[in-house]
Amino acid sequence: MAKDMGIELEFVQVPSTGRIPALLAGRADVTIASISVTTDRAKTVMYCNPNGALQIVIFGPKSVAIKTPADLVGKRIGITRATLEEATVPKMAPQGTNIVWFDDISATSQSMLSGQVDAVAMTSFAGKTAADGNPDKQIETKLPVTTAFYGPIVRPGDFELRQWINTWLFLNSQNGTLAAIYKKYTGLDLPPLPVF
Amino acid sequence: MNYVFQFNVVWDHLPELFEGARLTIQLSATAMALGLLVAVVCAYGKSAGPRPVRWLVAAYVELIRNTPFLVQIFIFYFSLPVIGLRLTANTAALAAMTVNLGAYASEIVRAGIEAIPHGQVEAARALGLKRMQIFRFIIIFPALKTVYPALASQFILLMLRSSVVSTISAVELTAITNSLASTTFRSFEFYFIATGLYLAMALGFRAGLSAIYWALFQRGRAA
């Protein structure tokens with residue numbers, strides 16, 4: 001995208017909690033991590049069209065029995081702050097679920113692997129990485145929570161930048177570049193992307 | 001930057017922030033008391049104990065003072081379950097804070113103990129004071145008085161360092177602030193208020209520690 005825009009790309013790496021603050025503070029001009037579209041976030045930042053989709057899933061070791069949302073009662077479920085999990089899991093989990101918050105995904109994964117929580121909610125990508133990296137823990141998917149589309153965000157009022165990014169997204173979904181990038185990093189086929 | 005500050009959302013969440021601050025105070029105050037105990041025992045062991053005890057204390061102090069606090073917290077929370085010791089987030093945080101403070105404070109207390117003139121201890125022995133009496137009245141009490149300002153600074157640093165324990169899901173002030181900032185997206189406002197609360201707590205602890213100093217060492221004595 002930067003190449004097409006003819007500018008030099010500078011990465012500003014931030015933890016998930018710092019994505020919106022870094023954008024608003026002017027430390028970055030676009031946040032293009034997997035930042036799923038929510039109405040709450042849209043009150044503070046402006047979304048471009050979606051460039052991908054992700055699934056939030058509850059993962060846990062084989063020994064933990066979770067088949068329906070009701071099974072979450074009395075269990076300790078780890079989630080990461082400032083993620084889609086934080087916005088969706090507390091709504092779907094019945095009363096009596098013990099939700100435990102961590103600051104970043106690696107701490108959340110670690111809490112499951114060390115048995116500090118019974119299960120965790122995270123994206124299917126992150127959960128697959130944790131499961132593949134620790135085959136002895138027998139991590140498996142328990143429950144789908146939600147599927148969400150994510151898109152780049154810009155500061156409120158940056159309409160011209162947003163319009164340019166949308167144009168870029170349009171062209172690159174037509175020519176298959178987006179689908180190829182998605183396949184390369186997730187191993188999955190890119191679902192059809194809706195537009196605003 | 002066209003950012004409009006909106007503090008009204010912060011006022012709605014003040015009770016939660018105070019609850020977080022309460023846990024920060026509780027964790028810090030408990031860790032200060034336990035850490036000081038660890039420090040006194042270690043400092044005495046290092047200055048008067050047999051050689052193996054001295055080595056053990058030296059190893060503990062060097063290990064803790066030369067590794068990051070964050071790593072120490074992770075070990076207490078994520079690694080101890082491997083050997084079957086599963087601590088809750090708050091207990092793991094308290095344990096890590098105590099162990100951390102104990103190492104730093106033991107060196108401070110040791111400096112105080114070594115500043116006691118040897119003649120003072122010999123005089124006490126000549127007067128027939130028992131071993132525990134000598135330790136209590138002749139060594140540790142004057143030693144603590146000497147190093148009190150340095151200890152108090154270390155205590156305040158510990159309280160500020162406690163903000164890191166939010167990473168292992170302990171819900172102290174920083175954890176609450178992070179949660180509120182990420183759900184309301186008013187991060188600047190919440191971090192401003194958290195900064196104010198930390199400042200207030202640090203000043204409060206400082207005042208409290210000064211009061212303890214006065215009560216222990218100055219009350220009823222001529223200036």
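All of these numbers come straight from a predicted model, not from anything done at the bench. A note on names: the letters A, B, ... follow the listed sequences, proteins ahead of strands, and every chain is numbered from 1.
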Next on the checklist: If I measure from the heavy atoms of chain B, does A:Thr44 come under 4.5 Å with its side chain, its backbone, both, or neither?
Outcome noted: side chain
Item to check | From B:Thr88 atom OG1 to A:Gln116 atom CD, the distance as rounded to the nearest 0.5 Å | outcome: 8.0 Å
Side chain, backbone, both or neither of [X] within contact of chain A (heavy atoms, under 4.5 Å):
X        : result
B:Tyr77  : both
B:Leu80  : neither
B:Ala181 : neither

Inspect the surroundings of [atom1] in [X] and state if more than 12 heavy atoms from other residues, nucleotides or ligands are less than 6.0 Å away.
X        : atom1 : value
B:Arg136 : CZ    : no
A:Arg27  : CZ    : no
A:Phe170 : CZ    : no
A:Tyr185 : OH    : no
A:Gln174 : CD    : yes
B:Tyr60  : OH    : yes

Minimum heavy-atom distance between [X] and [Y], given as atom pair plus value:
X        : Y        : value
B:Pro81  : A:Ser114 : CB-O, 3.3 Å
A:Ala107 : B:Phe78  : O-CZ, 3.5 Å
B:Ser179 : A:Arg81  : OG-NE, 2.7 Å
B:Phe188 : A:Ala25  : CZ-CB, 3.9 Å

Next on the checklist: Hydrogens and angles aside, do A:Asp103 and B:Ser166 bring a side-chain donor and acceptor to less than 3.5 Å of each other?
Outcome noted: yes
Checklist entry - Taking C-beta and beyond as the side chain, do A:Phe102 and B:Ser169 meet within less than 4.5 Å on heavy atoms? => result yes
Next on the checklist: Can you confirm whether B:Phe185 sits close enough to A:Asp40 that some side-chain heavy atom of one is under 4.5 Å from a side-chain heavy atom of the other?
Outcome noted: yes
Item to check | Candidate list A:Arg41, A:Arg19, A:Glu86, test side-chain hydrogen bond (donor to acceptor under 3.5 Å, both in side chains), partner B:Ser182, passing option | outcome: A:Glu86
